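Heads up: the structure comes next, in structure tokens.
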Amino acid sequence: MVRFLLPVCTLLFCIAPCTEAVRKITYKEAIAIALGDSYTSQYYKEDMEATHYSYLYTKAQFKPMLDFGLFTPSWNEEVQAISQVNGLPVYNSVGSLRAGGNLSFTYVLPTGGNLALTSKMYWENYHTTLSQQDNEELERNQVYSRVALTFSQPVFTANTLKENMKVAALEYEKSRCYFTRVQMDIIYNVTQSFYRVYELAYENKINLERLKNSQEAYRITKLKQETGNLPEGENLIAEIAVAQDEARVMESEGNLEAAKDEFKLLIGLPLNEEIDLEADMEFETFLIDLPVAIDEALRNRMEIQENNLDIELQEIEIKRAKREREFKGRISAYYDFTGLSTRDGGSIRQLVGSSFRNMSERPSNRSIEFTLSYPIADWGRAKNLVRSRQVRMKQRQLDLDNTKQSIEKEIREIVRNVYEAEKRYRINQRNREAVQKSYRISQLRFENGDLTSQELFIEQERLSEIQLSYIESYITYRLSVADLNRKTMYDFEHNRSYLLEKE
């Protein structure tokens with residue numbers, strides 16, 4: 001006996017850990033999982049992050065920059081034309097080998113200009129071959145150093161840096177609006193998929209109950225046939241009903257598993273995870289104030305905010321187009337010290353010292369410049385560009401007006417759908433209770449011989465249809481409410497705004 005139990009216990013021990021527990025998921029849990037783990041949520045979250053970093057990049061344009069560059073080495077050789085007074089040019093071979101670098105600190109002014117402090121130093125081996133002197137070669141090592149302060153400021157024109165930052169901020173705000181809209185769409189799509197799975201599970205339950213009923217009817221039919229109290233052909237009808245119900249159960253189970261896979265893919269769960277959805281069929285009736293629903297939708301809908309942002313962006317485009325023919329000016333200046341080593345030969349340290357001494361001895365370089373520009377004639381280029389942008393502005397305004405009208409129409413239709421779906425659900429709920437009682441009576445009549453198998457089969461069909469209509473009307477109601485929440489950004493069941501809750 002022990003020898004027999006040992007392999008069995010070992011087998012059970014191996015099988016037990018492999019049994020995967022079924023995960024129970026409620027509607028709220030499914031929404032939370034989808035908003036965090038679904039492909040759609042993660043994709044558009046990354047898209048919003050990219051726009052955010054683009055805004056931060058533009059904002060950082062107002063901050064100072066410190067740049068450092070090295071060229072080690074920079075080498076070139078070429079033939080160079082040397083002009084001569086009262087003579088033709090001569091062509092000498094010139095070459096240089098440089099090693100050095102530069103450092104610059106640029107401070108961006110709030111006015112859109114910049115102030116920069118730059119320095120540059122390099123060692124150079126310079127050589128040339130004189131073609132007019134039997135290709136005599138000359139060579140010199142030298143050090144070049146320079147320190148400069150430069151200034152540049154546009155005048156009589158817009159601050160393009162601030163303008164670009166405003167554009168980036170508006171684009172980022174648009175991406176946030178769109179992400180919020182995507183989140184509401186995810187909630188609706190998950191609601192749709194969740195109750196689709198629940199409907200198929202309910203349908204499968206109905207089919208299993210139907211199969212159980214037909215099997216019981218077949219059992220009673222066989223008992224009646226054995227006693228001889230059954231007309232010929234009744235047993236065949238009952239047997240066919242069992243076979244049809246078995247096929248129906250198999251089909252509904254396949255549909256249920258396929259819908260579960262789609263649901264898991266939608267919310268971001270592993271496909272091999274076993275799940276079971278739980279839903280509460282009871283709900284409390286709530287009132288919907290149509291004017292309030294319309295006001296909430298017009299205030300909260302992201303499409304309207306996106307249209308307003310598009311209008312602001314288009315206003316900037318019009319300003320940019322008008323600047324094509326504006327009076328522009330620029331002030332630029334620099335002040336620098338330059339030194340070149342005057343020592344002929346020596347170490348790099350000596351050459352650097354010589355370059356610095358030359359910098360203090362040599363007069364500084366300086367410049368200030370004020371430039372003005374105005375396009376006198378462009379043959380309508382700028383004017384047509386402005387008109388093009390203004391027409392686009394009219395389109396954006398038309399989009400906004402049309403969006404508001406469409407939203408109001410949607411809300412009116414959705415509110416009607418919610419009330420109609422609720423009434424249909426209440427009717428089907430009463431019909432289901434009535435047909436269940438009727439079917440139990442028909443079962444008793446069939447057992448007593450007052451009803452044929454064909455008549456019982458018809459009663460079973462009617463029961464299944466009413467049960468399916470009941471679950472379909474419930475899901476239609478739930479989807480209508482979810483659509484109302486999505487289109488108004490407001491939860492009328494609990495009297496709260498999704499935007500306020502999010503904030």
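From a predicted model like this one, the values you see are computed outputs, not experimental measurements. Counting begins at 1 with the first residue of the sequence.
F286 CZ: more than 12 foreign heavy atoms inside a 6.0 Å radius. Heavy atoms from other residues, nucleotides or ligands lying under 6.0 Å from CZ of F62 number more than 12. Environment of CG in L372: crowded, with over 12 heavy atoms of neighbouring residues, nucleotides or ligands closer than 6.0 Å. For CZ of F370, the number of neighbouring non-hydrogen atoms (other residues, nucleotides, ligands) closer than 6.0 Å is greater than 12. A 6.0 Å sphere centred on CZ of R362 holds more than 12 heavy atoms belonging to other residues, nucleotides or ligands. More than 12 heavy-atom neighbours from other residues, nucleotides or ligands sit within 6.0 angstrom of CZ on F71. Under a cut-off of 6.0 angstrom, the local environment of OH in Y39 is sparse, with at most 12 non-hydrogen atoms contributed by other residues, nucleotides or ligands. The environment of E78 atom CD is dense: over 12 non-hydrogen atoms of other residues, nucleotides or ligands sit within 6.0 angstrom.
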* To do: Run the numbers on L35 and I186 for side-chain contact (heavy atoms from CB on, under 4.5 Å), then give the verdict.
  => CA-CA 7 Å; L35 291 177; I186 288 173; 4.1 Å; yes

* Worked check of side-chain contact (heavy atoms from CB on, under 4.5 Å) between E199 and E472 -> CA-CA 7 Å; E199 178 184 11; E472 287 173 0; 3.1 Å; yes

* Run the side-chain contact (heavy atoms from CB on, under 4.5 Å) check on V481 and T191 step by step: do they pass? -> CA-CA 10 Å; V481 172; T191 304; over 6 Å; no

* To do: Please lay out, stage by stage, how R416 and E413 fare under the test salt bridge (Lys or Arg N to Asp or Glu O under 4.0 Å).
  => CA-CA 5 Å; R416 287 195 298 267; E413 184 177 357; 5.3 Å; no

* How far apart are the C-alpha atoms of K264 and E273, what are their side-chain angles, what is the distance that settles it, and do they pass the salt bridge (Lys or Arg N to Asp or Glu O under 4.0 Å) test? -> CA-CA 8 Å; K264 287 184 281 189; E273 184 173 358; over 6 Å; no

* Hey, mind stepping through N204 and L200 against side-chain contact (heavy atoms from CB on, under 4.5 Å) and telling me if it holds? -> CA-CA 6 Å; N204 185 56; L200 291 173; over 6 Å; no

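Under 4.0 Å is where a charged nitrogen must lie from a carboxylate oxygen, and between D185 and R181 no such pair does. Note on K166 versus E163: no salt bridge recorded, every NZ/NE/NH1/NH2 to OD/OE distance being 4.0 Å or above. R140 has no carboxylate O lying under 4.0 Å from a charged side-chain N of E124, or vice versa, which leaves the two without a salt bridge. Salt bridge present: D378 and R325 bring a charged side-chain N and a carboxylate O closer than 4.0 Å. The residues E493 and R478 are annotated as salt-bridged, a charged nitrogen and a carboxylate oxygen being separated by less than 4.0 angstrom.
In this structure the side chain of Y477 never reaches within 4.5 angstrom of the side chain of R424, judged on heavy atoms. The shortest side-chain heavy-atom distance between M359 and S145 falls under the 4.5 Å cut-off. A 4.5 Å side-chain heavy-atom check between N125 and S96 finds every atom pair outside the cut-off. With a 4.5 Å cut-off on side-chain heavy atoms, Y126 and L97 do not count as touching. No side-chain heavy atom of L138 sits less than 4.5 Å from a side-chain heavy atom of H127. Counting heavy atoms from C-beta on, the side chains of E49 and Y44 never come closer than 4.5 Å. Considering only heavy atoms from C-beta on, I311 comes within 4.5 Å of Q397 through its side chain. The side-chain heavy atoms of L340 and V143, taken from C-beta on, include no pair separated by under 4.5 Å.
For the pair S480 (side chain) and T476 (backbone), a donor-acceptor distance under 3.5 Å is present. Here the side chain of R412 pairs no donor or acceptor atom with the backbone of K409 at under 3.5 angstrom. With hydrogens and angles ignored, the 3.5 Å screen pairs no side-chain donor or acceptor of S104 with any backbone N or O of T118. One N or O on the side chain of S406 and one on the backbone of N402 form a donor-acceptor pair closer than 3.5 Å. With hydrogens and angles disregarded, a donor-acceptor distance shorter than 3.5 Å links the side chain of N384 to the backbone of G380. No donor-acceptor pair under 3.5 Å is formed between the side chain of S193 and the backbone N or O of N189. N159 places a side-chain N or O within 3.5 Å of a backbone atom of P110 that can act as its donor or acceptor partner. The backbone N or O of T26 lies less than 3.5 Å from a partner atom in the side chain of E29, making a donor-acceptor pair. Judged by distance alone, the side chain of Q153 and the main-chain N or O of T111 form a donor-acceptor pair under 3.5 Å. Side-chain atoms of K260 come within 3.5 Å of backbone N or O of I275 as a donor-acceptor pair.
The heavy-atom pair separating L269 from I25 by the smallest distance is CD1-CD1, 3.6 Å. Of all non-hydrogen atoms in Y195 and I475, the two that sit nearest each other are O-CD1, 3.1 Å. Contact detail for N485 and M184: the closest heavy-atom pair is O-CE, 3.6 Å. Minimum interatomic distance between L265 and L271 (heavy atoms only, all atoms of both residues): N-CD2, 4.2 Å. For the pair S38 and L266, the tightest heavy-atom approach, listed with the atom from each and the gap, is CB-O, 3.1 Å. Shortest non-hydrogen contact noted between Q42 and D37 is NE2-O, 2.7 Å.
A distance of 11.0 Å separates OG in S341 from CD1 in I348, rounded to the nearest 0.5 Å.
A side-chain N or O of T285 and one of E422 form a donor-acceptor pair less than 3.5 Å apart. Judged purely by distance below 3.5 Å, without hydrogens or angles, the side chains of Y27 and Y198 never pair a donor atom with an acceptor atom. No hydrogens or angles considered: a donor-acceptor pair under 3.5 Å links the side chains of R392 and Q395. Using a 3.5 Å distance cut-off with no hydrogens or angles, the side chains of N307 and D399 do not pair a donor with an acceptor. Side-chain N/O atoms of S473 and N428 include a donor and acceptor closer than 3.5 Å. A donor-acceptor pair shorter than 3.5 Å cannot be found between the side chains of S332 and S152. Donor-acceptor pairing under 3.5 Å is lacking for the side chains of R301 and T488. Between the side chains of D336 and S364, no donor-acceptor pair of N or O atoms lies under 3.5 Å. A donor atom on one side chain and an acceptor atom on the other are not found under 3.5 Å apart for S93 and E77.
Residues Y490 and F492 bring their aromatic ring centres within 6.0 Å. Aromatic ring centres of F156 and F327 lie closer together than 6.0 Å. The ring of Y474 has its center closer than 6.0 angstrom to the ring center of Y425. The aromatic ring centres of F151 and Y334 sit 6.0 Å or more apart.
At least one test fails for R366 against the ring of Y335: distance under 6.0 Å to the centre or angle within 45° of the axis.
For the pairing with E317, the salt bridge (charged side-chain N to carboxylate O under 4.0 Å, His left out) check across R396, R389, K322, R323 returns one residue only, R389.
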Donor-acceptor list for residues 167-175 side chains, cut-off 3.5 Å, not counting sequence neighbours:
from	atom 1	to	atom 2	distance (Å)
K174	NZ	D310	OD1	2.8
S175	OG	Y172	O	2.6

